[in-house]
Amino acid sequence: MYVLHIILEFSQHLPANPVFQVYWFRSKALLDQWEEEVDLLQCEADWTQKYFQHRVNFWKY
């Protein structure tokens, strides 16, 4: 992922320039948000599958 590459690259130069600090923290926050979104979507997909399987079993018997 491009953002991860930028974060790793600028994290080595973090104390050198405040502009890099702002960019690094913003990029890190965006990466964290996307990782959280992926986790939530995976959980929602799992919940949906389990719900429909429950409904199949409910109406089957």
Going from CD on E35 to CD on Q33, what distance comes out if it is rounded to the nearest 0.5 angstrom? 11.0 Å
Those residues at least two apart in sequence (or on a different chain) that pass salt bridge (Lys or Arg N to Asp or Glu O under 4.0 Å) with K60 are none
All pairs passing side chain to side chain donor-acceptor pair (under 3.5 Å) where residues 36-47 contributes a residue, at least two apart: D46-K50
From CA spacing to verdict: side chain to side chain contact (heavy atoms under 4.5 Å, CB included), V56, F52: CA-CA 6 Å; V56 165; F52 283 116; 5.5 Å; no
Spatial distance of atom CG (L31) from atom CH2 (W24) [nearest 0.5 Å]: 10.0 Å
Using a 4.5 Å side-chain heavy-atom cut-off and chaining through intermediate ILVMFWY residues, the residues clustered with F58 come out as W59
